[in-house]
Amino acid sequence: MEIANRLAERVRALRREKGWSQEELAHRAGLHRTFISQVERAVKNTTIAATEKNARALEVKMGNLLD
């Protein structure tokens, strides 16, 4: 679960840095808001494809979401 927690923290932090709501990130990433919420709480395992969508929306490389 450690990797899910790191991903959750990074997605949440980057989203907040941009001043976006979960709904805004979901819209930009082409994902559902409840999915973003689940990722940020580390209760939902995400796919590589969904992680890439989040990374693109947040304008970072996928690796940055796990640092």
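Because the structure is a prediction, the values reported are computed rather than measured.
- Take Arg56 and apply the side-chain contact (heavy atoms from CB on, under 4.5 Å) test, not counting sequence neighbours, and it matches Glu52.
- Across all non-hydrogen atoms, the minimal contact from Ala4 to Ala42 is O-CB, 3.8 Å.
- Residues Arg10 and Asn64 approach most closely at NE-O, 2.9 Å, considering heavy atoms.
- Lys18 and Leu58 get closest at one heavy-atom pair: CE-O, 3.1 Å.
- For the atom pair CG of Leu7 and CG of Asn45, the computed distance is 9.5 Å after rounding to the nearest 0.5 Å.
- The structure places OG1 of Thr34 at 8.5 Å from NZ of Lys44, a figure rounded to the nearest 0.5 Å.
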Exercise for review: Just do the side-chain contact (heavy atoms from CB on, under 4.5 Å) check on Asn54 and Ile36 with the steps written out, would you?
Suggested key: CA-CA 9 Å; Asn54 274 324; Ile36 298 296; 3.2 Å; yes
Exercise for review: Test Trp20 against Leu14 for side-chain contact (heavy atoms from CB on, under 4.5 Å), laying out the working first.
Suggested key: CA-CA 9 Å; Trp20 294 348; Leu14 290 166; over 6 Å; no
Exercise for review: Start with the C-alpha distance between Val39 and Leu31, add both sets of side-chain angles, then the distance that settles side-chain contact (heavy atoms from CB on, under 4.5 Å), and finish with yes or no.
Suggested key: CA-CA 11 Å; Val39 169; Leu31 300 167; over 6 Å; no
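- Of all non-hydrogen atoms in Ala8 and Arg41, the two that sit nearest each other are CB-N, 4.4 Å.
- When Arg12, Gln22, His32, Glu23 are each tested for a side chain to side chain contact (heavy atoms under 4.5 Å, CB included) with Ser37, only one passes: Gln22.
- Residue Phe35 is grouped with residue Ile3 when hydrophobic side chains (ILVMFWY) are merged at heavy-atom distances under 4.5 angstrom, including chains of intermediate members.
- In this structure a side-chain-to-backbone donor-acceptor pair under 3.5 Å is present from Arg6 to Leu66.
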